[in-house]
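Numbered from 1 within each chain, the chains take letters A, B, ... in sequence-line order.
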Protein chains: 2
Amino acid sequence: MDNIIPLKDTSLDETFSKYEAKFKALADQKRLHILNLLCKQESTCVCDLSELIEMPQSKLSYHLKILLDAGLILKETKGTWSYYRINQEEINHLLSPELCCLFRPSCC
Amino acid sequence: MDNIIPLKDTSLDETFSKYEAKFKALADQKRLHILNLLCKQESTCVCDLSELIEMPQSKLSYHLKILLDAGLILKETKGTWSYYRINQEEINHLLSPELCCLFRPSCC
DNA sequence: TAGTTAAATCAAAAAAAATTGATTTATTTT
DNA sequence: AAAATAAATCAATTTTTTTTGATTTAACTA
């Protein structure tokens, strides 16, 4: 019968760890810019986004993966193309209504 | 007559830059833990916090400075002591009501 | 006043994250 | 089928952030 009285609050640690990943994903100008563009675009493929944001493809893919892993965006693959869009629900759970406006189409 | 039609939206860049700093401050487990503790503590000096969180003083001061520079906490100095407390207003502007609960005393 | 304590800062080292250009895999087009 | 395109991944490098322990400055305390 171990761990009846845990020495530390593990669930709180896990909570912090979870949000750390999400805030890390948000903690970058380029990624905030990507999120802002994805808002206005419905669903966009990497090559179009790459032109829009003026960023080389491999670099963009790197940043998209970080946003995807954090659950802030969603991906749908059609053939060779990957279409990304914002995960509005997740953004809404995370950010203030006021801030959501930066990352929500036709709000405010 | 320069810059009548700016090539880029500078104000949006500035906005992203501002939030980048704030999210960077939030993008760390230890700092989230500090914020959570400061919520429950009213106002706390570094030495007490250092014991609570089991973190050496210089390391704690480093992280407190990051939170302070981002405007997420406030500092008041009394003699040799520095008392830190959460900047509730700023947190509320930034995070969802649901998330604010993690960093707000007696909420939820 | 001398000794102690609080907390910020510093410089060096370690760790983590970002950038770059090339490669790979799969798909589409000609 | 061959050439071209989309996008993920990789390895090497660069940049940024964090950690560590020591030092400094100021203010308490005995």
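Within 4.0 Å (heavy atoms only), A:L64 reaches no atom of the nucleic acid at all. Looking at heavy-atom distances under 4.0 Å, B:L60 makes no contact with the nucleic acid at all. Using a 4.0 Å heavy-atom distance criterion, B:S58 is classed as a base contact.
Summarising the geometry, the separation between NZ on A:K78 and C1' on C:dA26 is reported as 18 Å, rounded to the nearest angstrom. As rounded to whole Å, 16 Å separates atom P of C:dT25 from atom CD of A:Q57. What separates CD of A:E51 from P of D:dT5 is a distance of 13 Å, to the nearest Å. The distance between atom CG of A:L49 and atom C1' of D:dA6, rounded to the nearest whole Å, is 13 Å. What separates CG of A:L67 from P of C:dA17 is a distance of 15 Å, to the nearest Å. Rounded to a whole Å, the CE atom of B:M55 is 14 Å from the P atom of D:dG21. Computed from coordinates, the B:D28 CG to D:dT19 C1' distance equals 12 Å when rounded to whole Å. Look at CD1 on A:I66: it is 14 Å from C1' on D:dA8, rounded to the nearest Å.
Side-chain N/O atoms of A:K30 include one lying less than 4.0 angstrom from OP1 or OP2 on C:dT19. Taking 4.0 angstrom as the limit, B:Y84 places none of its side-chain polar atoms (N or O) nearer than this to OP1 or OP2 of C:dA6. Of the side-chain N and O atoms in B:K65, none sit less than 4.0 angstrom from OP1 or OP2 of C:dA8. A sub-4.0 Å separation between OP1 or OP2 of D:dA8 and a side-chain N or O of A:S61 is present. Phosphate proximity of C:dA17 to A:H63: absent, as no side-chain N or O sits under 4.0 Å from OP1 or OP2. For B:K75 and C:dA8, the shortest distance from a side-chain N or O to OP1 or OP2 is below 4.0 Å.
Within the cation-pi definition used here (under 6.0 Å to the ring centroid, within 45° of the axis), B:K78 qualifies as a partner of B:Y83.
Within 6.0 Å of the NZ atom in B:K65, the count of heavy atoms belonging to other residues, nucleotides or ligands does not exceed 12.
Salt bridge present: B:E90 and B:K22 bring a charged side-chain N and a carboxylate O closer than 4.0 Å.
Looking at the side chain of A:R31, the nearest of the listed nucleotides D:dA27, C:dA18, D:dT19 is C:dA18. Of the candidate nucleotides C:dT19, C:dA8, D:dT17, C:dT19 has the atom lying nearest to any side-chain atom of A:Y62.
Here the closest non-hydrogen pair linking A:C100 and A:I91 is SG-O, 3.8 Å. Closest non-hydrogen pair, A:N36 versus A:F103, comes out as N-CD2, 3.9 Å.
Along DNA chain D, the nucleotide nearest A:W81 and the nucleotide nearest A:K59 are compared for position; the residue whose nucleotide lies closer to the 5' end is A:W81. For B:A27 and A:T80, each mapped to the nucleotide of DNA chain D holding its nearest heavy atom, the one lying further toward the 5' end belongs to A:T80.
Under a 3.5 Å cut-off, the side chain of B:S17 and the backbone N or O of B:D13 do not form any donor-acceptor pair.
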